[in-house]
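Below is one structure, written out as structure tokens, with a few remarks after it.
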Amino acid sequence: MTEFGELVKETRERKNIRAYDLAYSIGLNPSWISRLEAGSLTHPPAPDVMRLLSESLGLSTASMFEAMGYAMTDVAPGKDVQARIAELG
């Protein structure tokens, strides 16, 4: 999860978004964003949170999953990525 947290933090900082603002824009506590970026969460974000992070930061779902250690080959050809996210959540 550390690589994923780094991706979120680097993207957030590059876009000049404060962690506080990101958290509140997606309905989360700022401390959760801090723990995510530090790599100290014990569970991956829920699919709906992944979607909100993706939309808020302009990150592709593929780049987020790769940063979490999932190879995009884990998604069967023709299978809806959102359905796969729900399966993993």
Side-chain angles (χ1 to χ4, degrees):
M1 283 287 262
T2 303
E3 190 175 328
F4 178 64
E6 290 171 2
L7 174 66
V8 169
K9 183 175 184 175
E10 289 170 6
T11 305
R12 179 182 60 74
E13 289 177 342
R14 188 174 62 252
K15 293 180 176 269
N16 294 316
I17 301 171
R18 296 182 311 165
Y20 175 91
D21 294 330
L22 175 61
Y24 280 104
S25 74
I26 61 176
L28 296 172
N29 189 301
S31 66
W32 186 90
I33 297 291
S34 295
R35 290 192 319 273
L36 169 70
E37 292 179 349
S40 61
L41 292 179
T42 55
H43 301 289
D48 59 328
V49 173
M50 293 284 289
R51 181 183 52 76
L52 292 169
L53 285 170
S54 173
E55 292 171 358
S56 297
L57 296 173
L59 292 169
S60 70
T61 306
S63 68
M64 292 172 50
F65 272 96
E66 287 171 9
M68 291 175 68
Y70 294 106
M72 289 314 292
T73 56
D74 290 345
V75 179
K79 188 164 193 175
D80 179 72
V81 174
Q82 292 299 326
R84 182 65 176 143
I85 292 170
E87 288 175 10
L88 295 171

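FYI, side chains are in, hydrogens and waters are out, and symmetry mates aren't considered; it's all heavy atoms of this structure. Source: prediction; values computed, not measured.
The CH2 atom of W32 sits 10.5 Å away from atom OG of S40, with the distance rounded to the nearest 0.5 Å. If you take NZ on K9 and CD1 on I17, they are separated by 14.5 Å, rounding to the nearest 0.5 Å.
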Derivation of the side chain to side chain contact (heavy atoms under 4.5 Å, CB included) call for L53 and L22: CA-CA 8 Å; L53 285 170; L22 175 61; 4.2 Å; yes
Criterion side chain to side chain contact (heavy atoms under 4.5 Å, CB included) on T61 and M50, from CA distance to verdict: CA-CA 8 Å; T61 306; M50 293 284 289; 5.9 Å; no
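Summarising the geometry of L7 relative to S63, their closest heavy-atom pair is CD2-O, 3.7 Å, with the distance given to 0.1 Å. P45 and M68 get closest at one heavy-atom pair: CD-CE, 4.1 Å. For the pair I33 and A23, the tightest heavy-atom approach, listed with the atom from each and the gap, is CG1-CB, 3.6 Å.
You'll find the side chain of L28 stays beyond 4.5 Å of the side chain of L52, heavy atoms only.
Side-chain N or O atoms of R35 include none that pairs as donor or acceptor with a backbone N or O of L41 at under 3.5 Å. No side-chain donor-acceptor contact under 3.5 Å links S54 to the backbone of S60.
Salt-bridge annotation for E10 and R14: absent, with no side-chain N of the basic residue lying under 4.0 Å from a carboxylate O of the acidic one.
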